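Have a look at the structure below before the remarks.
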Amino acid sequence: MTSVGTSYIASAKADSEGRLVEAGEPLASLQEACGGQIGGPIAIPELQALVDKANAYGLRLARQFTAIDGDNSITAWVEITPKFDDDGNISQSAIDVVSWHSEELPPENELDAARRRIEINRHLADCTVRLSPSQGILSVETEAPDLAGFVEAARAGIGRPWTDFVHLPGSTHEQPLHWRLLDGSRCEIDGSKRAWTAHLEPLGKGEPGSAGFALYLTADTPASGVEAAENGAGIEGASFGRDLTPVLRQPINRIIANAETIRTKLAGPIADEYSSYAADIATAAQHLLALIDDLSDLEVVESDQFVTAPDRIELADVARRACGILGVRAQEKGITLVPPVEGESQLAIAEFRRVLQILLNLVGNAIRYAPEDSQVWIRLDRIGSRALITVADQGHGLDEEQQARVFEKFERLGRSGDGGSGLGLYISRRIARAMDGDLTVESAPGQGARFTLSVPAADEMRAEKRDGPGRDIPQDDTDD
(Lines give C-alpha, C1' and ligand atoms only; values in the text may rest on other atoms or scores of the structure.)
Protein backbone atom coordinates (compact mmCIF):
# COMPACT_ATOMS: atom_id res chain seq x y z
CA MET A 1 0.00 0.00 0.00
CA THR A 2 1.02 3.59 -0.50
CA SER A 3 2.23 5.33 2.62
CA VAL A 4 0.43 8.22 4.29
CA GLY A 5 0.99 11.52 2.51
CA THR A 6 1.14 10.08 -1.01
CA SER A 7 0.46 12.67 -3.71
CA TYR A 8 -2.15 11.42 -6.16
CA ILE A 9 -2.16 12.26 -9.88
CA ALA A 10 -5.95 12.05 -10.14
CA SER A 11 -8.94 10.95 -8.12
CA ALA A 12 -12.34 9.56 -9.04
CA LYS A 13 -15.44 8.08 -7.43
CA ALA A 14 -17.58 5.11 -8.45
CA ASP A 15 -21.01 4.47 -6.97
CA SER A 16 -22.27 1.10 -5.69
CA GLU A 17 -23.59 0.26 -9.19
CA GLY A 18 -20.16 0.62 -10.78
CA ARG A 19 -20.81 4.00 -12.40
CA LEU A 20 -17.95 6.49 -12.60
CA VAL A 21 -19.69 9.50 -11.07
CA GLU A 22 -16.60 11.71 -10.74
CA ALA A 23 -13.16 11.64 -12.39
CA GLY A 24 -10.22 13.96 -12.83
CA GLU A 25 -7.78 14.03 -15.71
CA PRO A 26 -6.28 11.92 -17.23
CA LEU A 27 -8.73 9.27 -15.96
CA ALA A 28 -11.75 11.15 -17.33
CA SER A 29 -10.26 11.23 -20.85
CA LEU A 30 -9.43 7.52 -20.71
CA GLN A 31 -13.02 6.74 -19.69
CA GLU A 32 -14.25 8.58 -22.79
CA ALA A 33 -11.59 7.02 -25.06
CA CYS A 34 -12.81 3.58 -23.98
CA GLY A 35 -16.37 4.45 -25.01
CA GLY A 36 -17.77 5.56 -21.66
CA GLN A 37 -18.76 8.83 -20.05
CA ILE A 38 -18.81 10.41 -16.61
CA GLY A 39 -21.93 9.17 -14.85
CA GLY A 40 -21.96 5.94 -16.87
CA PRO A 41 -20.52 2.48 -16.16
CA ILE A 42 -16.74 2.22 -15.88
CA ALA A 43 -15.61 1.57 -19.47
CA ILE A 44 -12.00 0.68 -18.61
CA PRO A 45 -12.21 -3.13 -18.29
CA GLU A 46 -9.30 -3.78 -15.91
CA LEU A 47 -10.23 -0.84 -13.67
CA GLN A 48 -13.82 -2.04 -13.52
CA ALA A 49 -12.60 -5.51 -12.47
CA LEU A 50 -10.52 -3.97 -9.66
CA VAL A 51 -13.44 -1.88 -8.38
CA ASP A 52 -15.69 -4.95 -8.42
CA LYS A 53 -13.11 -6.94 -6.47
CA ALA A 54 -12.65 -4.21 -3.86
CA ASN A 55 -16.42 -3.94 -3.40
CA ALA A 56 -16.87 -7.72 -3.25
CA TYR A 57 -14.36 -8.08 -0.39
CA GLY A 58 -14.91 -4.68 1.19
CA LEU A 59 -11.15 -4.12 1.29
CA ARG A 60 -8.80 -1.44 0.05
CA LEU A 61 -6.82 -2.54 -3.00
CA ALA A 62 -3.66 -1.14 -4.60
CA ARG A 63 -3.16 -2.58 -8.07
CA GLN A 64 -1.86 -1.83 -11.55
CA PHE A 65 -4.12 -1.78 -14.60
CA THR A 66 -3.47 -1.37 -18.31
CA ALA A 67 -5.65 0.13 -21.03
CA ILE A 68 -5.56 1.53 -24.56
CA ASP A 69 -6.78 5.02 -25.37
CA GLY A 70 -6.61 4.55 -29.14
CA ASP A 71 -3.08 5.74 -29.85
CA ASN A 72 -1.29 4.92 -26.60
CA SER A 73 -0.83 2.08 -24.17
CA ILE A 74 -1.59 3.21 -20.61
CA THR A 75 -0.13 1.62 -17.48
CA ALA A 76 -1.43 3.06 -14.21
CA TRP A 77 -1.26 2.25 -10.49
CA VAL A 78 -4.43 2.95 -8.50
CA GLU A 79 -5.68 2.64 -4.95
CA ILE A 80 -9.35 1.72 -4.54
CA THR A 81 -11.01 2.32 -1.18
CA PRO A 82 -14.64 1.21 -0.55
CA LYS A 83 -16.77 3.65 1.46
CA PHE A 84 -19.53 2.36 3.75
CA ASP A 85 -22.85 3.91 4.77
CA ASP A 86 -24.38 3.80 8.25
CA ASP A 87 -25.87 0.35 7.58
CA GLY A 88 -22.51 -1.14 6.66
CA ASN A 89 -23.22 -1.28 2.93
CA ILE A 90 -20.78 0.04 0.33
CA SER A 91 -22.10 3.35 -0.96
CA GLN A 92 -19.19 4.28 -3.23
CA SER A 93 -15.52 3.62 -3.97
CA ALA A 94 -12.72 6.17 -4.02
CA ILE A 95 -10.27 5.68 -6.91
CA ASP A 96 -6.89 7.39 -6.53
CA VAL A 97 -4.27 7.29 -9.30
CA VAL A 98 -0.75 6.95 -7.91
CA SER A 99 1.19 6.66 -11.20
CA TRP A 100 0.40 6.98 -14.90
CA HIS A 101 2.59 5.94 -17.82
CA SER A 102 1.61 6.46 -21.46
CA GLU A 103 3.53 4.87 -24.33
CA GLU A 104 2.78 5.39 -28.01
CA LEU A 105 1.72 2.23 -29.80
CA PRO A 106 3.86 1.06 -32.74
CA PRO A 107 2.35 1.64 -36.20
CA GLU A 108 0.36 -1.25 -37.60
CA ASN A 109 1.75 -3.18 -40.55
CA GLU A 110 -0.33 -2.11 -43.55
CA LEU A 111 -0.03 -5.48 -45.28
CA ASP A 112 -1.26 -7.36 -42.20
CA ALA A 113 -4.11 -4.88 -41.78
CA ALA A 114 -5.15 -5.35 -45.42
CA ARG A 115 -5.14 -9.13 -45.02
CA ARG A 116 -7.29 -8.91 -41.91
CA ARG A 117 -9.77 -6.65 -43.67
CA ILE A 118 -10.06 -9.16 -46.51
CA GLU A 119 -10.68 -11.99 -44.02
CA ILE A 120 -13.40 -9.95 -42.32
CA ASN A 121 -15.00 -9.13 -45.68
CA ARG A 122 -15.12 -12.84 -46.49
CA HIS A 123 -17.05 -13.62 -43.33
CA LEU A 124 -19.42 -10.68 -43.69
CA ALA A 125 -20.22 -11.28 -47.36
CA ASP A 126 -23.78 -12.28 -48.25
CA CYS A 127 -22.62 -13.09 -51.78
CA THR A 128 -19.25 -14.15 -53.22
CA VAL A 129 -18.51 -13.74 -56.93
CA ARG A 130 -15.40 -15.05 -58.68
CA LEU A 131 -14.20 -12.65 -61.38
CA SER A 132 -11.75 -12.86 -64.27
CA PRO A 133 -8.81 -10.42 -64.54
CA SER A 134 -11.11 -8.13 -66.58
CA GLN A 135 -13.75 -8.35 -63.79
CA GLY A 136 -16.00 -10.62 -65.83
CA ILE A 137 -18.23 -12.97 -63.81
CA LEU A 138 -17.05 -16.59 -63.58
CA SER A 139 -19.22 -17.93 -60.75
CA VAL A 140 -21.69 -16.72 -58.12
CA GLU A 141 -22.35 -18.18 -54.67
CA THR A 142 -25.00 -16.88 -52.25
CA GLU A 143 -27.81 -18.05 -50.02
CA ALA A 144 -29.40 -14.61 -49.60
CA PRO A 145 -33.05 -14.93 -50.71
CA ASP A 146 -33.27 -11.35 -51.95
CA LEU A 147 -30.41 -11.96 -54.42
CA ALA A 148 -32.17 -14.70 -56.38
CA GLY A 149 -32.77 -12.38 -59.35
CA PHE A 150 -29.18 -11.14 -59.29
CA VAL A 151 -27.83 -14.70 -59.27
CA GLU A 152 -30.06 -15.79 -62.14
CA ALA A 153 -29.05 -12.80 -64.27
CA ALA A 154 -25.35 -13.10 -63.41
CA ARG A 155 -25.18 -16.81 -64.20
CA ALA A 156 -26.92 -16.16 -67.50
CA GLY A 157 -24.35 -13.49 -68.25
CA ILE A 158 -21.14 -15.37 -67.41
CA GLY A 159 -18.18 -13.41 -68.77
CA ARG A 160 -19.82 -9.99 -68.58
CA PRO A 161 -18.54 -7.37 -66.07
CA TRP A 162 -20.14 -7.66 -62.64
CA THR A 163 -20.97 -3.96 -62.76
CA ASP A 164 -23.56 -4.76 -65.47
CA PHE A 165 -25.71 -6.41 -62.80
CA VAL A 166 -25.64 -3.76 -60.05
CA HIS A 167 -26.32 -0.04 -59.85
CA LEU A 168 -23.53 2.28 -58.71
CA PRO A 169 -25.28 5.49 -57.60
CA GLY A 170 -23.64 8.67 -58.83
CA SER A 171 -21.21 6.89 -61.15
CA THR A 172 -21.33 8.02 -64.78
CA HIS A 173 -18.01 6.51 -65.84
CA GLU A 174 -17.69 3.59 -68.19
CA GLN A 175 -17.63 0.34 -66.22
CA PRO A 176 -15.83 -1.51 -64.93
CA LEU A 177 -13.44 0.99 -63.39
CA HIS A 178 -10.05 0.03 -62.00
CA TRP A 179 -10.62 -2.42 -59.16
CA ARG A 180 -9.12 -0.07 -56.56
CA LEU A 181 -11.77 2.54 -57.39
CA LEU A 182 -14.55 -0.05 -57.06
CA ASP A 183 -13.28 -1.59 -53.82
CA GLY A 184 -15.56 -0.35 -51.04
CA SER A 185 -18.09 1.17 -53.45
CA ARG A 186 -21.77 1.36 -52.52
CA CYS A 187 -24.24 -0.30 -54.86
CA GLU A 188 -27.88 -1.26 -55.32
CA ILE A 189 -29.16 -4.61 -56.58
CA ASP A 190 -32.50 -5.17 -58.29
CA GLY A 191 -34.87 -7.22 -56.14
CA SER A 192 -33.16 -6.34 -52.87
CA LYS A 193 -34.26 -3.54 -50.55
CA ARG A 194 -30.93 -3.62 -48.72
CA ALA A 195 -27.97 -1.31 -49.37
CA TRP A 196 -24.80 -3.12 -50.49
CA THR A 197 -21.07 -2.57 -50.38
CA ALA A 198 -18.67 -4.22 -52.82
CA HIS A 199 -15.21 -5.36 -51.73
CA LEU A 200 -12.69 -6.70 -54.25
CA GLU A 201 -9.85 -9.05 -53.33
CA PRO A 202 -7.17 -9.23 -56.05
CA LEU A 203 -5.87 -12.74 -56.76
CA GLY A 204 -2.57 -13.86 -58.22
CA LYS A 205 1.10 -13.28 -57.52
CA GLY A 206 2.97 -10.27 -58.82
CA GLU A 207 0.45 -7.91 -60.39
CA PRO A 208 -2.72 -7.71 -58.20
CA GLY A 209 -5.64 -9.19 -60.08
CA SER A 210 -3.54 -11.13 -62.58
CA ALA A 211 -5.47 -14.28 -61.60
CA GLY A 212 -8.77 -12.45 -61.27
CA PHE A 213 -10.68 -11.20 -58.25
CA ALA A 214 -12.99 -12.34 -55.49
CA LEU A 215 -15.94 -9.97 -55.16
CA TYR A 216 -17.64 -9.84 -51.77
CA LEU A 217 -21.07 -8.19 -51.63
CA THR A 218 -22.00 -7.19 -48.08
CA ALA A 219 -25.37 -5.81 -47.01
CA ASP A 220 -25.70 -3.07 -44.40
CA THR A 221 -28.34 -5.15 -42.60
CA PRO A 222 -28.81 -8.93 -42.40
CA ALA A 223 -31.75 -10.57 -44.14
CA SER A 224 -34.41 -11.24 -41.50
CA GLY A 225 -35.85 -14.66 -40.83
CA VAL A 226 -39.24 -13.29 -41.88
CA GLU A 227 -37.85 -12.19 -45.22
CA ALA A 228 -36.28 -15.59 -45.76
CA ALA A 229 -39.55 -17.32 -44.90
CA GLU A 230 -41.48 -15.07 -47.29
CA ASN A 231 -39.11 -15.89 -50.10
CA GLY A 232 -39.52 -19.59 -49.35
CA ALA A 233 -43.33 -19.46 -49.36
CA GLY A 234 -44.95 -22.16 -51.42
CA ILE A 235 -42.24 -24.78 -50.76
CA GLU A 236 -43.74 -27.77 -49.03
CA GLY A 237 -41.95 -28.98 -45.91
CA ALA A 238 -39.18 -27.32 -43.93
CA SER A 239 -35.63 -27.98 -45.04
CA PHE A 240 -32.54 -27.35 -42.94
CA GLY A 241 -30.33 -26.79 -45.97
CA ARG A 242 -32.82 -24.71 -47.94
CA ASP A 243 -34.62 -22.75 -45.22
CA LEU A 244 -32.57 -22.63 -42.01
CA THR A 245 -28.98 -22.52 -43.25
CA PRO A 246 -29.22 -19.04 -44.86
CA VAL A 247 -31.01 -17.65 -41.80
CA LEU A 248 -28.36 -19.03 -39.42
CA ARG A 249 -25.32 -18.37 -41.55
CA GLN A 250 -25.67 -14.58 -41.75
CA PRO A 251 -25.78 -13.77 -38.02
CA ILE A 252 -23.01 -16.28 -37.28
CA ASN A 253 -20.83 -14.80 -40.01
CA ARG A 254 -21.37 -11.37 -38.47
CA ILE A 255 -20.38 -12.72 -35.05
CA ILE A 256 -17.18 -14.08 -36.59
CA ALA A 257 -16.45 -10.85 -38.46
CA ASN A 258 -17.07 -8.65 -35.40
CA ALA A 259 -15.00 -10.93 -33.18
CA GLU A 260 -12.18 -10.86 -35.76
CA THR A 261 -12.40 -7.06 -35.84
CA ILE A 262 -11.87 -7.02 -32.07
CA ARG A 263 -9.24 -9.79 -32.07
CA THR A 264 -7.09 -8.12 -34.71
CA LYS A 265 -7.56 -4.68 -33.10
CA LEU A 266 -8.82 -3.37 -36.44
CA ALA A 267 -11.30 -1.04 -34.74
CA GLY A 268 -8.69 0.19 -32.27
CA PRO A 269 -6.06 -1.20 -29.88
CA ILE A 270 -7.14 -3.26 -26.87
CA ALA A 271 -5.39 -5.27 -24.19
CA ASP A 272 -4.07 -8.68 -25.28
CA GLU A 273 -6.37 -10.66 -22.96
CA TYR A 274 -9.47 -9.15 -24.56
CA SER A 275 -8.08 -9.94 -27.97
CA SER A 276 -7.79 -13.55 -26.78
CA TYR A 277 -11.41 -13.55 -25.61
CA ALA A 278 -12.49 -12.33 -29.06
CA ALA A 279 -10.41 -15.11 -30.66
CA ASP A 280 -12.29 -17.68 -28.55
CA ILE A 281 -15.62 -16.21 -29.70
CA ALA A 282 -14.54 -16.33 -33.35
CA THR A 283 -13.32 -19.92 -33.02
CA ALA A 284 -16.53 -21.10 -31.36
CA ALA A 285 -18.63 -19.37 -34.04
CA GLN A 286 -16.53 -20.93 -36.80
CA HIS A 287 -17.09 -24.39 -35.27
CA LEU A 288 -20.84 -23.71 -35.16
CA LEU A 289 -20.82 -22.52 -38.77
CA ALA A 290 -18.89 -25.63 -39.83
CA LEU A 291 -21.50 -27.81 -38.10
CA ILE A 292 -24.31 -25.96 -39.90
CA ASP A 293 -22.52 -26.45 -43.21
CA ASP A 294 -22.06 -30.16 -42.50
CA LEU A 295 -25.72 -30.67 -41.60
CA SER A 296 -26.76 -28.77 -44.71
CA ASP A 297 -24.42 -30.84 -46.90
CA LEU A 298 -25.69 -34.02 -45.24
CA GLU A 299 -29.24 -33.23 -46.34
CA VAL A 300 -28.03 -32.56 -49.88
CA VAL A 301 -25.83 -35.64 -50.40
CA GLU A 302 -28.41 -38.03 -48.93
CA SER A 303 -31.08 -36.83 -51.34
CA ASP A 304 -32.03 -39.18 -54.18
CA GLN A 305 -31.83 -36.18 -56.51
CA PHE A 306 -28.22 -35.33 -55.64
CA VAL A 307 -26.03 -35.14 -58.73
CA THR A 308 -22.70 -33.54 -59.55
CA ALA A 309 -21.63 -31.56 -62.60
CA PRO A 310 -18.84 -33.46 -64.38
CA ASP A 311 -16.21 -31.25 -65.94
CA ARG A 312 -12.60 -31.52 -67.06
CA ILE A 313 -10.49 -30.36 -64.10
CA GLU A 314 -6.82 -30.30 -63.13
CA LEU A 315 -6.34 -32.14 -59.83
CA ALA A 316 -2.97 -30.46 -59.23
CA ASP A 317 -4.64 -27.05 -59.38
CA VAL A 318 -7.34 -28.11 -56.90
CA ALA A 319 -4.67 -29.46 -54.55
CA ARG A 320 -2.65 -26.24 -54.65
CA ARG A 321 -5.77 -24.17 -53.98
CA ALA A 322 -6.65 -26.32 -50.96
CA CYS A 323 -3.12 -25.84 -49.59
CA GLY A 324 -3.37 -22.10 -50.19
CA ILE A 325 -6.67 -21.82 -48.33
CA LEU A 326 -5.43 -23.83 -45.34
CA GLY A 327 -1.85 -22.57 -45.36
CA VAL A 328 -2.26 -20.15 -42.45
CA ARG A 329 -3.95 -22.76 -40.28
CA ALA A 330 -1.11 -25.19 -40.99
CA GLN A 331 1.55 -22.59 -40.15
CA GLU A 332 -0.13 -21.87 -36.82
CA LYS A 333 0.40 -25.53 -35.89
CA GLY A 334 3.90 -25.71 -37.33
CA ILE A 335 2.78 -28.11 -40.08
CA THR A 336 4.22 -27.95 -43.60
CA LEU A 337 1.84 -28.58 -46.50
CA VAL A 338 3.49 -30.18 -49.53
CA PRO A 339 1.28 -29.80 -52.64
CA PRO A 340 2.07 -31.35 -56.03
CA VAL A 341 5.20 -29.81 -57.53
CA GLU A 342 4.87 -27.14 -60.21
CA GLY A 343 4.41 -28.73 -63.61
CA GLU A 344 2.86 -31.94 -62.27
CA SER A 345 -0.51 -32.60 -63.86
CA GLN A 346 -3.42 -35.02 -63.61
CA LEU A 347 -6.61 -34.33 -65.55
CA ALA A 348 -9.85 -35.78 -64.24
CA ILE A 349 -13.60 -35.66 -64.82
CA ALA A 350 -15.32 -34.32 -61.68
CA GLU A 351 -16.93 -31.21 -60.24
CA PHE A 352 -14.22 -28.72 -59.27
CA ARG A 353 -16.14 -27.31 -56.28
CA ARG A 354 -16.88 -30.76 -54.86
CA VAL A 355 -13.31 -32.03 -55.25
CA LEU A 356 -12.07 -28.88 -53.49
CA GLN A 357 -14.61 -29.51 -50.70
CA ILE A 358 -13.29 -33.04 -50.22
CA LEU A 359 -9.65 -31.93 -50.21
CA LEU A 360 -10.33 -29.15 -47.72
CA ASN A 361 -11.87 -31.74 -45.42
CA LEU A 362 -8.99 -34.21 -45.82
CA VAL A 363 -6.22 -31.61 -45.44
CA GLY A 364 -8.10 -29.90 -42.60
CA ASN A 365 -8.35 -33.21 -40.73
CA ALA A 366 -4.64 -33.87 -41.29
CA ILE A 367 -3.76 -30.45 -39.87
CA ARG A 368 -6.07 -30.98 -36.90
CA TYR A 369 -4.67 -34.36 -35.86
CA ALA A 370 -1.08 -34.38 -37.14
CA PRO A 371 1.70 -33.60 -34.64
CA GLU A 372 3.49 -30.25 -34.67
CA ASP A 373 6.50 -29.82 -36.94
CA SER A 374 5.26 -32.58 -39.26
CA GLN A 375 4.32 -32.60 -42.94
CA VAL A 376 1.13 -33.26 -44.91
CA TRP A 377 1.64 -34.37 -48.52
CA ILE A 378 -0.75 -34.30 -51.45
CA ARG A 379 0.21 -36.69 -54.25
CA LEU A 380 -1.25 -37.40 -57.68
CA ASP A 381 -1.41 -40.74 -59.50
CA ARG A 382 -3.32 -42.65 -62.12
CA ILE A 383 -4.27 -46.32 -62.25
CA GLY A 384 -5.98 -47.37 -65.46
CA SER A 385 -8.97 -45.11 -66.06
CA ARG A 386 -8.90 -43.69 -62.51
CA ALA A 387 -7.26 -40.41 -61.49
CA LEU A 388 -6.07 -40.45 -57.88
CA ILE A 389 -5.22 -37.74 -55.37
CA THR A 390 -3.87 -38.77 -51.95
CA VAL A 391 -3.55 -36.77 -48.72
CA ALA A 392 -0.98 -38.31 -46.36
CA ASP A 393 0.03 -37.22 -42.87
CA GLN A 394 2.49 -38.23 -40.15
CA GLY A 395 -0.08 -38.62 -37.41
CA HIS A 396 -0.83 -41.51 -35.08
CA GLY A 397 -2.57 -43.50 -37.79
CA LEU A 398 -5.65 -45.74 -37.63
CA ASP A 399 -5.94 -49.41 -36.77
CA GLU A 400 -8.11 -51.78 -38.83
CA GLU A 401 -11.20 -51.28 -36.67
CA GLN A 402 -10.91 -47.50 -36.90
CA GLN A 403 -10.44 -47.66 -40.67
CA ALA A 404 -13.69 -49.63 -40.95
CA ARG A 405 -15.58 -46.98 -38.97
CA VAL A 406 -13.97 -43.73 -40.11
CA PHE A 407 -16.46 -43.09 -42.95
CA GLU A 408 -19.54 -43.73 -40.83
CA LYS A 409 -21.98 -40.93 -40.04
CA PHE A 410 -21.11 -38.91 -36.86
CA GLU A 411 -18.03 -41.08 -36.29
CA ARG A 412 -15.23 -39.22 -34.49
CA LEU A 413 -13.24 -42.22 -33.23
CA GLY A 414 -13.56 -41.13 -29.63
CA ARG A 415 -12.18 -37.63 -30.22
CA SER A 416 -14.02 -34.84 -28.44
CA GLY A 417 -13.58 -31.12 -28.00
CA ASP A 418 -11.98 -30.61 -31.43
CA GLY A 419 -14.96 -28.86 -33.04
CA GLY A 420 -15.58 -31.65 -35.54
CA SER A 421 -19.05 -32.98 -36.33
CA GLY A 422 -18.08 -36.49 -37.41
CA LEU A 423 -19.77 -35.86 -40.78
CA GLY A 424 -16.92 -34.63 -42.95
CA LEU A 425 -15.59 -37.98 -44.16
CA TYR A 426 -19.08 -39.47 -44.52
CA ILE A 427 -20.15 -36.52 -46.70
CA SER A 428 -16.88 -36.60 -48.65
CA ARG A 429 -17.32 -40.27 -49.55
CA ARG A 430 -20.94 -39.68 -50.62
CA ILE A 431 -19.77 -36.86 -52.89
CA ALA A 432 -16.91 -38.95 -54.27
CA ARG A 433 -19.28 -41.77 -55.19
CA ALA A 434 -21.72 -39.30 -56.75
CA MET A 435 -18.85 -38.38 -59.10
CA ASP A 436 -18.37 -42.06 -60.08
CA GLY A 437 -15.40 -42.17 -57.73
CA ASP A 438 -14.59 -43.30 -54.22
CA LEU A 439 -12.75 -42.26 -51.07
CA THR A 440 -10.60 -44.82 -49.27
CA VAL A 441 -8.06 -44.92 -46.45
CA GLU A 442 -4.82 -46.79 -45.82
CA SER A 443 -3.15 -46.58 -42.44
CA ALA A 444 -1.43 -48.32 -39.59
CA PRO A 445 -0.87 -47.26 -35.97
CA GLY A 446 2.11 -44.94 -35.73
CA GLN A 447 2.49 -44.63 -39.51
CA GLY A 448 0.06 -41.85 -40.33
CA ALA A 449 -2.97 -42.08 -42.62
CA ARG A 450 -3.37 -41.84 -46.40
CA PHE A 451 -6.80 -40.87 -47.75
CA THR A 452 -7.19 -41.33 -51.50
CA LEU A 453 -9.88 -39.80 -53.69
CA SER A 454 -10.35 -41.57 -57.02
CA VAL A 455 -12.39 -40.14 -59.90
CA PRO A 456 -12.60 -40.88 -63.63
CA ALA A 457 -9.55 -39.76 -65.58
CA ALA A 458 -10.02 -37.03 -68.17
CA ASP A 459 -10.51 -39.39 -71.12
CA GLU A 460 -13.58 -40.83 -69.40
CA MET A 461 -15.89 -37.80 -69.95
CA ARG A 462 -19.56 -38.71 -69.51
CA ALA A 463 -22.10 -37.71 -72.11
CA GLU A 464 -24.82 -37.23 -69.49
CA LYS A 465 -25.07 -36.45 -65.79
CA ARG A 466 -25.77 -39.24 -63.36
CA ASP A 467 -29.28 -39.66 -61.97
CA GLY A 468 -28.23 -40.06 -58.34
CA PRO A 469 -25.52 -41.13 -55.93
CA GLY A 470 -26.27 -44.83 -56.03
CA ARG A 471 -26.24 -45.80 -59.69
CA ASP A 472 -23.49 -48.13 -60.91
CA ILE A 473 -21.47 -47.61 -57.73
CA PRO A 474 -20.34 -50.61 -55.68
CA GLN A 475 -21.54 -50.36 -52.08
CA ASP A 476 -19.91 -51.63 -48.92
CA ASP A 477 -20.69 -51.82 -45.21
CA THR A 478 -19.39 -48.32 -44.45
CA ASP A 479 -21.89 -46.47 -46.63
CA ASP A 480 -25.48 -45.97 -45.49
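Along the sequence shown, residues are numbered consecutively beginning with 1. Worth saying up front: this structure is predicted, and the values here are computed from it rather than measured.
- Checking Leu388, Leu439, Ile383 one by one against Ser454, the side-chain contact (heavy atoms from CB on, under 4.5 Å) holds for a single residue, Leu388.
- Side-chain atoms of Arg194 never come within 3.5 Å of backbone atoms of Glu188 as a donor-acceptor pair (strictly under, hydrogens ignored).
- Applying the side-chain hydrogen bond (donor to acceptor under 3.5 Å, both in side chains) test to pairs two or more places apart or on separate chains, those with a residue in residues 333-349 are Glu314-Ser345.
- Contact check on Asp146 versus Lys193 returns no salt bridge, with no Lys/Arg side-chain nitrogen under 4.0 Å from an Asp/Glu carboxylate oxygen.
- Ser374 meets the side-chain contact (heavy atoms from CB on, under 4.5 Å) test with Ile335, Ala370, Pro371, Gln394; sequence neighbours excluded.
- For the residue pair Glu201 / Tyr216, a side-chain donor-acceptor distance below 3.5 Å is found, with atom types taken as modelled.
- For Arg354, the side-chain hydrogen bond (donor to acceptor under 3.5 Å, both in side chains) partners at least two apart in sequence or on another chain are Gln357.
- Applying the side-chain contact (heavy atoms from CB on, under 4.5 Å) rule to Ile158 yields the partners Ile137; only residues at least two apart in sequence or on another chain are considered.
- With sequence neighbours excluded, the residues forming a side-chain contact (heavy atoms from CB on, under 4.5 Å) with Leu360 are Ala322, Ile325, Leu326, Leu356, listed by chain and number.
- Counting only distance, with no hydrogens or angles, the side chain of Gln403 and the backbone of Ser443 share a donor-acceptor pair below 3.5 Å.
- Scanning for side-chain contact (heavy atoms from CB on, under 4.5 Å) contacts around Cys127 gives Val129, Val140, Thr142, Leu147, Phe150, Leu217, with sequence neighbours left out.
- Contacts classified as salt bridge (Lys or Arg N to Asp or Glu O under 4.0 Å) and involving residues 372-381 (residues at least two apart or in different chains) are not found.
- Under the side-chain hydrogen bond (donor to acceptor under 3.5 Å, both in side chains) criterion, Thr197 pairs with Arg186, not counting sequence neighbours.
- Partners of Arg155 according to the salt bridge (Lys or Arg N to Asp or Glu O under 4.0 Å) rule, which considers only residues two or more places apart in sequence or in another chain, do not exist here.
- With sequence neighbours left out, the side-chain hydrogen bond (donor to acceptor under 3.5 Å, both in side chains) criterion links Arg321 to Asp317.
- Applying the side-chain hydrogen bond (donor to acceptor under 3.5 Å, both in side chains) criterion to Trp179, with sequence neighbours excluded, gives no partner residue.
- Taking the side chain as every heavy atom from C-beta outward, Ile313 and Leu347 never approach each other to under 4.5 Å.
- The minimum heavy-atom distance linking Ala387 with Leu315 is given by the pair CB-CD1, 3.9 Å.
- Although no hydrogens or angles enter the test, the distance criterion places no donor-acceptor pair under 3.5 Å between the side chain of Arg429 and the main chain of Ile431.
- Residues passing the salt bridge (Lys or Arg N to Asp or Glu O under 4.0 Å) test with Arg180: none are found, sequence neighbours excluded.
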